[in-house]
Amino acid sequence: MTTFDLATTDALLSTTRAVRKRLDMDRPVERSVIMDCISLSQQAPTGSNKQGWRWVVVTDAEKRKVIADCYRKGVGDYLVTAKAAAEDRGASQDARVFDSAQFLADRMQDAPVHVIPCIEAGHIAADAPRRAWIGLGGSIFPAIWSFQLALRARGLGSCLTTLHLSYDKEISELLGIPDTMLQIALLPVAYTKGTDFKPAKRPPAEEITHWERW
Ligand SMILES: Cc1cc2nc3c(=O)[nH]c(=O)nc-3n(C[C@H](O)[C@H](O)[C@H](O)COP(=O)(O)O)c2cc1C
């Protein structure tokens with residue numbers, strides 16, 4: 001039987017953060033490390049074992065600039081407004097997240113690698129029942145998270161972002177992504193500055209778990 005080193009496993013699971021300010025924008029990332037992490041992510045579950053995922057990896061600086069512009073258009077003034085609102089209500093942790101998100105929005109083009117996970121969605125009608133859409137998202141997010149965990153284990157970091165999706169058509173055109181593929185996220189990927197990430201403050205499991213009934 002395989003046994004796991006729980007200390008290491010739990011540290012990986014509890015310290016894989018959304019990395020923005022600590023992405024090392026100046027250090028190149030090898031193609032092989034990205035491919036290894038994508039390869040590992042393919043062990044994730046998918047509905048009906050469809051494995052409809054595709055990964056678009058962009059290192060070209062001109063293309064990253066266009067993607068970053070789409071991301072910033074998607075951000076608009078959302079982060080500035082959200083940060084001010086968080087400060088007003090004294091939510092300093094939220095204000096820090098919005099500040100960090102603004103940093104990433106400003107620097108998105110500098111992340112050495114942009115990874116766009118996509119999923120085959122041609123078979124799903126726009127008015128398909130909720131379970132179909134949940135199944136679709138549920139068939140790619142586990143793989144995305146595995147990809148992020150694999151990066152972290154190798155000294156790299158990433159941030160799952162979605163604010164570019166208001167402009168996904170422009171990005172699909174730029175990268176030749178077929179109409180049947182749905183972009184799910186945009187992950188800026190880089191080596192991290194240091195690797196000493198900490199668990200975030202989260203409510204205890206007792207507070208959010210209902211045993212036997214709600
Ligand atoms: C579905 C989803 C969409 C997200 N979109 C964005 C985004 O567009 N921009 C961003 O900076 N972070 C985005 N995040 C990252 C969250 O802000 C982040 O996970 C959260 O603040 C918790 O931080 P932590 O992962 O470091 O604990 C997204 C996360 C998820 C799960």
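All ligand and atom numbering here is 1-based and tracks the order in the structure. Counting begins at 1 with the first residue of the sequence. Quick caveat, the model's predicted, so the values are computed rather than measured.
- Listed by chain and residue number, the protein contacts of ligand 1 are R17, A18, R20, Y71, V97, A101, C159, L160, T161, T162, L163, R202 (heavy atom within 4.0 angstrom).
- Grouped by direct or indirect side-chain proximity (heavy atoms under 4.5 Å, Ile/Leu/Val/Met/Phe/Trp/Tyr only), F4 sits alone.
- With F197 as the aromatic partner, R17 does not meet the cation-pi criteria of under 6.0 angstrom to the ring centre and within 45 degrees of the ring axis.
- Heavy atoms of other residues, nucleotides or ligands lying less than 6.0 angstrom from NZ of K73 number more than 12.
- Contact check on R96 versus D99 returns no salt bridge, with no Lys/Arg side-chain nitrogen under 4.0 Å from an Asp/Glu carboxylate oxygen.
- Pairs passing the ring-ring contact (aromatic ring centres under 6.0 Å, His included) check and including a residue from residues 147-187, sequence neighbours excluded, read W55-F147.
- With sequence neighbours excluded, no residue forms a ring-ring contact (aromatic ring centres under 6.0 Å, His included) with Y71.
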